[in-house]
Trainee: 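This is the structure I have questions about; it appears just below.
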Amino acid sequence: MSHREPNKEGDEEDCLRKLLRDYYKGLEVELPEDFILREFAFQKFKTKTFVRHLTFQSLAQVKEYLIKETPYNAYYSIALYRDPAAERMEDKSLIYAELFFDIDSDHLPGCKPVTYTLLEGLELDYVSPECVEAGKHEQLKLLDVLKEYFGFSKDEIRMYFTGNRGFHTIVKPKDEDWLKLNSTQRRELVNFLKLFEAEKLIDRKKGRSTVRVTALRRRIVETFEKSRVGSGDEREFIQLCKVYVDELVTPDVTKLARIPKTINGKSGLPSITFSSEAELHKFKFNQSLSPFKGEFVVKSLYTSREAIKVFDTEVYLLRNQKLLMPAPVAVYLALNNVVELIC
Amino acid sequence: MRKARSKVAEYPFTTDLRSYFERSYGYAVDLESLLKIEKFVKAAVERVEQAIKGGEFTTYEDSEVAFVSFYLGLLLAGASDYWALRKYIDAEVKKFIDKLSFEEEYTIMNVASLLNVKAELLSSDVSCGHKVSLKVDFKSGKEIIACFQFRLTIPHYLHYAEKLLIDPKWSLLNQYVDSGYVYLVKKDFVRLLEEPLKNYLINVYNDLSIDVDVLNEIKPYIQQIRKVVKEVRGFTSDEIPEKREEQFKEVVEEAFPPCIKQLIDALRNNVHLTHHQRFAVATFLLNIGASIDYVLNLMKFAPDYDERIARYQIEHLAGLRGGRKQYRVYSCDKMKVLGLCVANCGTKTPLQYYRRATSKPKESVKRRRKYAHTRKS
């Protein structure tokens, strides 16, 4: 490093990159065994442009790339291809795709992401712990449907908190017929989770002497038995039963998922794997999730109008002022270009 | 023997011609010989005509006529016109499916395995196969009990029911689903066999082969069937391609995005498209400036094509009727939601893909000009 020529990036930014580089040096990369057949994609650290269609032959190569590039975000495909490096999707030759479900906490009803407007006009978005908690609740609901209705066992399911607002669930069922489902068929799984047109289905039963025993009815009944609240009106329970997955993600077999343990460029937190439902239950969104410990000195690039709350820490920013703050908060603000880290 | 014959008459596809004659008479009879027997051919032509025209179907008392005429009908319809073959298969399958739901479970299961439909028979006991009780009334705690006779895995269900999913009745939510399986009552399970049976019959047709000489002999029947096609549809399948080529040259099909290409290919193969699929194709074509007739000519491939209705709908989409609003093609996001997106094109709308693809030559011209300019200076 000492013989490196000075560059425009400046020492402060190098400090952040060095931090990320050190993190990746100590990282044991975790990927599915068949990663050679998957496409990798990265968002570049500085320019935030996407590099796609990459492949790796070994985990050591992946690690080397992460250390060298310290990407802003790092992804791998849920699909396996005969030629994952081909640039056009139709040339990649799809073998099959795992099932992918994405829950975005900030899109859940009742969750509003916080936006701080700094004096100079810059907007800083922050997903509050309450929203992430709502996302976790949704993730538990998803897990329940995946197990009870779709019949997946826990060793077929991989679950992650993506480090900022999302929960990713990837399923690789032993029954390979699932992996070959096309976009329309995967769309039906979304409809099942989101109770698409459930009101209509309930309505068409009106006036009929026989009620059909359906999955919809079973889900409503089970939700009622768990919650035991409300008037017993089916419509109320439809809202409670819905699992809010991102409906654009599941039908798209070309989607990319975040590489486990890599740092999310929006938050500075790593993507975290839940090895059991119990671990998911215990999960709390706070700064202890960060691999960066201790305190860092930063130089603020902006002035805040109010207290900015990141994790459990409130900070007031004054432009050009140097501050000492908890490492996770410093990294969060540095990645969002609000402060510069000083080594 | 009588009973076996009547099964053969009702579900002729369950027995192939060869084994029928070998079993009944001790020797095989080839298609060529059967085509020379008037009572068979007459019934076959009648079956095809009735399928094209719709309406009443003849029930053949003689089970051998019923059996043989089914196969000859398949052969004659296919030899005459691809659309007629589709119509014939649709009509015959509908008859079979209607009858099949009154059969016993094991008979249905036999048909399912013939079609290679992967399913499980839960019980041949009529009273209850798989029993599920569910408390449906929250206040009274009243339970209802349902019995299911068949089950199949969720991926298999989605595969066989794919075309039906557009109807909420067939949605996964509206079925009983448990631990990876969809449970079905007899009637619903039989309905699920419809598409696999159609595909099976297309394969049966493809396997029927006859001598070219015999093809000459049956020409009068083929002409007769084509005449009926023309009466009902207005034209025969082989009259369309030329019409398309000569009239509309401004549309660059090579530049169509993969999603639209796929839908148009399906349409040209007489596949029944859903409402959303037709809407996507029609609005896309109208948006790129194709004429009403161009779109109409494509829609003519649809098995349920009705010129009057189709013209009205297309003119409506083009903004010539009704609200006078020209409809825009779905965005790529919407296409994804509808499960119609098949590739990652990096565009916002299918239209953008077309415009980019058609403007490419121009771009390279521009680049060349620019290069020439720099050379000059």
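In what follows, every chain begins at residue 1, and chains take the letters A, B, ... in the order their sequences are listed.
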Trainee: Around atom CZ of F102(B), are there more than 12 heavy atoms from other residues, nucleotides or ligands closer than 6.0 Å?
Mentor: no

Trainee: Is R218(A) reaching over with its side chain to a backbone N or O of L134(B), donor-acceptor style, under 3.5 angstrom?
Mentor: no

Trainee: Calculate, to the nearest 0.5 Å, the distance between atoms NZ and NZ belonging to K169(B) and K200(A) respectively.
Mentor: 15.5 Å

Trainee: Restricting to non-hydrogen atoms, name the atom on S183(A) and the atom on G339(B) that form the minimum distance, rounded to 0.1 Å.
Mentor: OG-CA, 3.8 Å

Trainee: Take L201(A) and L173(B) through the side-chain contact (heavy atoms from CB on, under 4.5 Å) test and state the conclusion after the steps.
Mentor: CA-CA 9 Å; L201(A) 285 171; L173(B) 267 180; 4.2 Å; yes

Trainee: Do D252(A) and C341(B) touch side chain to side chain, with heavy atoms closer than 4.5 Å?
Mentor: no

Trainee: Just wondering, are more than 12 heavy atoms of other shown residues or ligands nearer than 6.0 Å to NZ in K198(B)?
Mentor: yes

Trainee: Is there side-chain contact between S171(B) and E188(A), with at least one heavy-atom pair below 4.5 Å?
Mentor: yes

Trainee: How many angstroms lie between NE2 in H159(B) and NZ in K180(A), if you round to the nearest 0.5 Å?
Mentor: 11.0 Å

Trainee: In terms of heavy-atom proximity below 4.5 Å to chain B, should R88(A) be classed as side chain, backbone, both, or neither?
Mentor: neither

Trainee: Based on non-hydrogen pairs under 4.5 Å, which of N191(A), N182(A), D175(A) is most in contact with chain B?
Mentor: N182(A)

Trainee: Between D177(A) and K118(B), is there a side-chain N and carboxylate O pair less than 4.0 Å apart?
Mentor: no

Trainee: Which bit of F196(A) is near chain B, if near means a heavy-atom gap under 4.5 Å: side chain, backbone, both or neither?
Mentor: backbone

Trainee: Looking only at heavy atoms, what is the nearest atom pair of A215(A) and L172(B), with distance?
Mentor: CB-O, 4.1 Å

Trainee: Hey, is CD on E120(B) packed in by over 12 heavy atoms from elsewhere, all under 6.0 Å?
Mentor: yes

Trainee: Please classify the contact between E197(A) and chain B as side chain, backbone, both or neither, with a heavy-atom cut-off of under 4.5 Å.
Mentor: side chain

Trainee: Go through the structure and list residues passing side-chain contact (heavy atoms from CB on, under 4.5 Å) with A146(B), not counting sequence neighbours.
Mentor: V213(A), F148(B)

Trainee: A quick test of your reading: do over 12 heavy atoms of other residues, nucleotides or ligands sit less than 6.0 Å from NE2 of H168(A)?
Mentor: yes

Trainee: If you count heavy atoms of other groups shown closer than 6.0 angstrom to CZ of R52(A), is the number above 12?
Mentor: yes

Trainee: Without swapping roles, check the side chain of T214(A) against the backbone of Y176(B) for a donor-acceptor pair under 3.5 Å.
Mentor: no

Trainee: If you count heavy atoms of other groups shown closer than 6.0 angstrom to NZ of K44(A), is the number above 12?
Mentor: no

Trainee: To the nearest 0.5 Å, what is the distance between SG (C345(B)) and CE (M89(A))?
Mentor: 10.0 Å

Trainee: Side chain, backbone, both or neither: which part of L195(A) has an atom under 4.5 Å from a heavy atom of chain B?
Mentor: both

Trainee: Nearest 0.5 Å please: distance from the CD atom of Q185(A) over to the CG atom of L165(B).
Mentor: 8.0 Å

Trainee: Between N344(B), L338(B), D333(B), which residue shows the highest count of heavy-atom pairs closer than 4.5 Å to chain A?
Mentor: N344(B)

Trainee: Between atom CG of L158(B) and atom OG1 of T184(A), what is the distance when rounded to the nearest 0.5 Å?
Mentor: 10.0 Å

Trainee: Specify the closest pair of heavy atoms between D178(B) and E148(A), including all atoms of both residues, with the distance to one decimal.
Mentor: OD1-O, 3.5 Å

Trainee: Tell me, for T153(B) versus chain A, whether the close heavy atoms (under 4.5 Å) come from the side chain, the backbone, both or neither.
Mentor: side chain

Trainee: Could you state the interatomic distance from CD (Q175(B)) to CZ (F192(A)), rounded to the nearest 0.5 Å?
Mentor: 10.0 Å

